[in-house]
Number of protein chains: 2
Amino acid sequence: MGSRRPTLEAVAARARVSRATVSRVVNGQSTVDPEIRDAVLRAVAELGYVPNSAARSLVTRQTDSIALVVSEPPTRVFSDDPLFSLVVRTVSSELELAGKQAVLMLASSPQAQARVEDYVSSGHVDGVMLLSMHGADPLPGAVARMDVPAVSYGRPAVELPHVDNDNVGGAEQAVRHLLDSGRRRIAAIAGPQDMTAAQDRLTGYRDALRASDRRSIVAVGDFTRASGATAMRHLLEDDPGLDAVFAANDLMAVGALQALRKAGRRVPDDVAVVGFDDIEAADFTDPPLTTIRHPVVEQATAMVRLVLTPPAERASDRVVLPTELIVRDSA
Amino acid sequence: MGSRRPTLEAVAARARVSRATVSRVVNGQSTVDPEIRDAVLRAVAELGYVPNSAARSLVTRQTDSIALVVSEPPTRVFSDDPLFSLVVRTVSSELELAGKQAVLMLASSPQAQARVEDYVSSGHVDGVMLLSMHGADPLPGAVARMDVPAVSYGRPAVELPHVDNDNVGGAEQAVRHLLDSGRRRIAAIAGPQDMTAAQDRLTGYRDALRASDRRSIVAVGDFTRASGATAMRHLLEDDPGLDAVFAANDLMAVGALQALRKAGRRVPDDVAVVGFDDIEAADFTDPPLTTIRHPVVEQATAMVRLVLTPPAERASDRVVLPTELIVRDSA
DNA sequence: GCCGACGCGGAGAGCGCTCCCATACTGGGG
DNA sequence: CCCCAGTATGGGAGCGCTCTCCGCGTCGGC
């Protein structure tokens with residue numbers, strides 16, 4: 001083992017051809033005589049030749065790997081884990097299909113961010129995918145300025161190609177469902193407003209209410225269950241007559257469910273509840289949660305496709321995927 | 001934008017020194033006159049120079065990245081997700097501390113495995129970490145044969161440096177706890193025997209029983225909840241007099257809990273139950289599950305340390321981390 | 001029968017970097 | 001005052017690969 005790996009040169013010598021010819025064979029060019037091609041292939045097999053990737057990418061200027069940058073502090077929100085896992089897995093296997101490799105980078109700390117920037121600008125990767133939800137995150141901006149294709153999972157705060165689910169439309173869907181079932185006084189528990197998803201969901205709620213000429217009543221949470229419960233209590237104090245609530249994510253909806261029960265309101269009889277995300281647990285709550293499902297796998301797939309498509313050939317720099325209303329018992 | 005990135009050469013020209021000197025400065029060698037060093041640094045900053053990693057690793061023969069190869073079919077076992085997520089995060093940030101990058105690779109299909117082998121042997125990475133639990137997995141064997149440091153998370157079926165938790169000891173701990181609390185007839189629900197962890201846990205169970213001269217009674221599950229319930233039913237049929245059960249993982253323990261309830265046995269009064277893993281849900285079962293916790297983060301950290309240490313300098317090729325008995329209400 | 005076209009293989013440059021080695025220059029001791 | 005050690009800098013080779021020429025040979029058409 002210790003010995004150096006065989007080079008193109010060695011293969012060429014063994015097959016009695018030139019380096020160029022071996023290169024042509026290895027890279028699958030058609031202009032090679034079948035007989036010579038076979039000889040080369042045999043030499044490759046005998047020597048166990050594998051091209052040196054550093055040498056190759058030095059001249060081709062591409063690396064066949066794409067970075068997936070996750071810029072959330074680890075396990076920040078518990079509900080992120082399944083999402084993280086699913087997105088990582090989808091991205092990775094989708095990339096594999098295209099003959100590319102996923103390089104996972106965490107960018108939780110400022111130093112880590114700097115490392116990411118260096119890594120990317122040193123030409124390690126052919127593209128960058130961002131998984132980052134906070135508006136204050138400096139990374140999307142930084143990445144957008146580098147001359148490497150970059151896309152984001154979810155709408156970033158800055159101008160950057162991205163694929164998002166239709167948060168506005170999903171929220172509208174939720175509220176319209178409430179409206180259609182005869183609810184009159186529909187409150188919202190909004191998410192942290194430094195996240196675009198939270199902003200968009202609030203916008204959807206407002207749009208839907210405005211369209212039907214109803215007043216909005218909003219409490220803001222931070223996407224955790226506890227904050228959902230607190231927000232629900234406030235909402236109940238402010239407007240005891242409310243008969244429905246739209247929570248910007250399921251975790252907060254679960255909190256709302258608990259607060260509602262504690263306040264003696266029946267769900268859905270007295271108050272209807274709709275969540276957002278369709279997390280695993282939504283099916284196990286009491287009552288099971290009506291919610292908005294968004295296509296995580298499709299979104300990840302679309303993101304991969306986007307980053308792999310040269311900007312010039314893209315139909316659009318922005319993909320928005322439809323959401324789906326999942327009706328269970330809570331509304 | 002658009003234009004080529006500046007090279008060492010450009011920096012040298014601007015700083016009016018030679019390439020070699022710039023290289024020395026960039027790589028932090030001490031033998032450079034402070035004045036010249038400053039001039040170089042200034043040129044670097046002005047030009048926004050970042051070293052080309054391909055060129056560098058072509059000559060240094062190292063890439064500063066390490067592969068993390070996950071060879072489970074995606075989301076096979078639901079309980080794997082948190083583990084996957086935690087290990088990935090730990091490995092990634094631990095590697096970052098050492099100035100290395102994590103390259104995540106999925107090797108679920110045979111083609112993907114082949115890709116991994118090519119990737120590794122083409123010199124893309126300086127080391128490989130394996131996350132694979134099945135004995136039938138051919139990858140550990142393949143990787144062990146290449147001249148790149150490889151380590152495994154969990155004991156692999158083949159000879160390969162690894163860091164594992166003490167599955168044998170943990171199972172012994174569990175059984176001993178049962179023994180100490182006066183249980184006389186202790187059954188086991190074993191995991192799939194093509195996984196080393198499952199083998200070891202069964203061994204621990206047997207060892208502990210043998211030490212106290214008791215007979216073992218074993219049903220085999222596949223680490224899922226449903227299989228735990230089924231196994232429990234069988235155990236109850238075979239030996240209605242049993243008063244304790246050790247399940248090789250928590251998911252199966254949860255299944256056992258359900259089967260026990262359905263059979264009218266009270267836990268822990270009639271039958272004591274101990275699980276393994278200490279998953280999130282172990283705290284929420286009824287009754288809360290007594291279980292064996294193993295140090296996931298420490299294990300991942302130790303694995304990183306192992307792969308980063310040249311074989312010659314290693315104290316040992318095998319690290320085994322202690323487990324901890326978490327006593328709740330089920331036993 | 002000659003010439004152009006075309007197909008295929010080879011030579012060689014060069015990608016951006018590191019590192020060995022030679023060279024210049026400094027200072028201290030004899 | 002000269003020489004030699006010691007130290008900082010430059011020159012240059014070469015890592016392994018791709019790709020652009022270039023040339024050779026063959027074939028077909030007029």
Side-chain angles (χ1 to χ4, degrees), chain A residues 3-44 47-65 118-126 147, chain B residues 3-41 43-44 47-65 118-119 121-126 147:
Chain A
S3 75
R4 182 80 97 256
R5 268 191 288 116
T7 71
L8 245 206
E9 190 89 45
V11 176
R14 178 159 197 126
R16 310 197 160 284
V17 295
S18 74
R19 268 196 338 273
T21 302
V22 178
S23 174
R24 277 188 275 260
V25 171
V26 170
N27 294 303
Q29 288 195 16
S30 50
T31 69
V32 179
D33 185 291
E35 203 159 316
I36 294 190
R37 142 179 261 100
D38 284 353
V40 171
L41 255 19
R42 213 175 314 124
V44 166
L47 259 30
Y49 170 74
V50 182
N52 177 311
S53 56
R56 177 176 285 179
S57 57
L58 177 57
V59 29
T60 59
R61 304 181 166 287
Q62 52 159 5
T63 60
D64 289 341
S65 40
D118 269 10
Y119 193 80
V120 172
S121 50
S122 75
H124 256 113
V125 292
D126 299 341
D147 47 1
Chain B
S3 74
R4 182 81 97 255
R5 268 193 288 115
T7 70
L8 245 207
E9 189 90 46
V11 176
R14 178 159 197 127
R16 310 198 159 284
V17 295
S18 75
R19 264 195 342 271
T21 301
V22 178
S23 175
R24 277 188 276 261
V25 171
V26 169
N27 294 303
Q29 289 196 15
S30 50
T31 71
V32 179
D33 185 293
E35 201 161 316
I36 294 191
R37 146 180 258 99
D38 285 351
V40 171
L41 256 18
V44 166
L47 259 30
Y49 169 75
V50 183
N52 178 310
S53 55
R56 176 175 285 178
S57 57
L58 177 57
V59 29
T60 59
R61 303 181 167 289
Q62 56 159 0
T63 61
D64 288 341
S65 38
D118 270 11
Y119 192 81
S121 51
S122 75
H124 257 112
V125 293
D126 299 342
D147 48 0

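Below, chains carry the letters A, B, ... as their sequence lines are ordered, and counting in each starts from 1.
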OP1 or OP2 of D/dG10 versus the side-chain N and O atoms of B/Ser18: is any pair under 4.0 Å? yes
If only atom types and distance count, is the side chain of A/Ser57 paired as donor or acceptor with the main-chain N or O of A/Ser53 below 3.5 Å? yes
How close do B/Leu47 and B/Pro6 get, heavy atom to heavy atom, and via which atoms? O-CG, 3.4 Å
B/Arg61 has a side chain; which of D/dC15, C/dG9, D/dT9 sits nearest to it? D/dC15
Expressed in angstrom and rounded to an integer, what is the separation of A/Gln62 atom CD from D/dC17 atom P? 17 Å
Select one nucleotide: of C/dC17, D/dG16, D/dC19, the one nearest the side-chain heavy atoms of B/Val59. C/dC17
Determine: side-chain N/O of B/Arg56 to OP1/OP2 of D/dC15, distance under 4.0 Å, yes or no. no
So how far off straight is the helix from C/dG1-D/dC30 to C/dG30-D/dC1, going by the axes through five pairs at either end, to 10°? 60°
Please state how far atom CG in B/Leu58 lies from atom P in C/dC15, giving the value in whole angstrom units. 13 Å
For the pair made of CZ in B/Arg16 and P in D/dT9, what is the distance, rounded to whole Å? 16 Å
When you get a sec, tell me which of C/dC17, D/dG16, D/dT9 is the closest nucleotide to the side chain of B/Ile36? D/dT9
What's the closest nucleotide to the side chain of B/Tyr49 if the choices are C/dC17, D/dG10, D/dG16? C/dC17
Below 4.0 angstrom from OP1 or OP2 of D/dT18, is there any side-chain N or O of A/Ser23? yes
Indicate the atoms forming the closest heavy-atom contact of B/Asn27 with B/Arg56, along with that distance. OD1-NH2, 3.3 Å
Determine the minimum heavy-atom distance between B/Ser122 and A/Pro51, stating which atoms define it. CB-O, 3.2 Å
Between CZ of B/Arg37 and C1' of D/dT9 the distance, given in whole Å, is 14 Å
For the student: nearest non-hydrogen atoms of A/Arg37 and A/Val25, plus distance: CA-CG2, 4.1 Å
Which nucleotide in C/dG10, D/dT18, C/dG9 has an atom nearest any side-chain atom of A/Asp33: C/dG9
Think A/Thr21 has a side-chain N or O under 4.0 angstrom from the OP1 or OP2 of C/dG10? yes
Tell me the closest heavy-atom pair linking A/Ala15 and A/Val40, and the distance in Å. CB-CA, 4.0 Å
State whether the distance check finds a donor on one side and an acceptor on the other, under 3.5 Å, for side chain A/Arg24 versus base D/dT18. no
Counting side-chain heavy atoms from CB outward, which of C/dG10, D/dA13, D/dT9 is closest to B/Arg19? D/dA13
Report yes if some heavy atom in the side chain of B/Val22 is under 4.5 Å from a heavy atom in the side chain of B/Val17; otherwise report no. yes
Just the rounded figure in Å: distance from P of D/dG11 to CG of B/Leu8. 14 Å
To the nearest angstrom, the CZ-P distance between A/Arg5 and D/dC15 comes to 14 Å
Drop me the distance from A/Arg16's CZ to A/Thr21's OG1, to the nearest 0.5 angstrom. 14.0 Å
Checking C/dG10, D/dT18, C/dC17 against the side chain of B/Asn52 (C-beta onward), the nearest is C/dC17
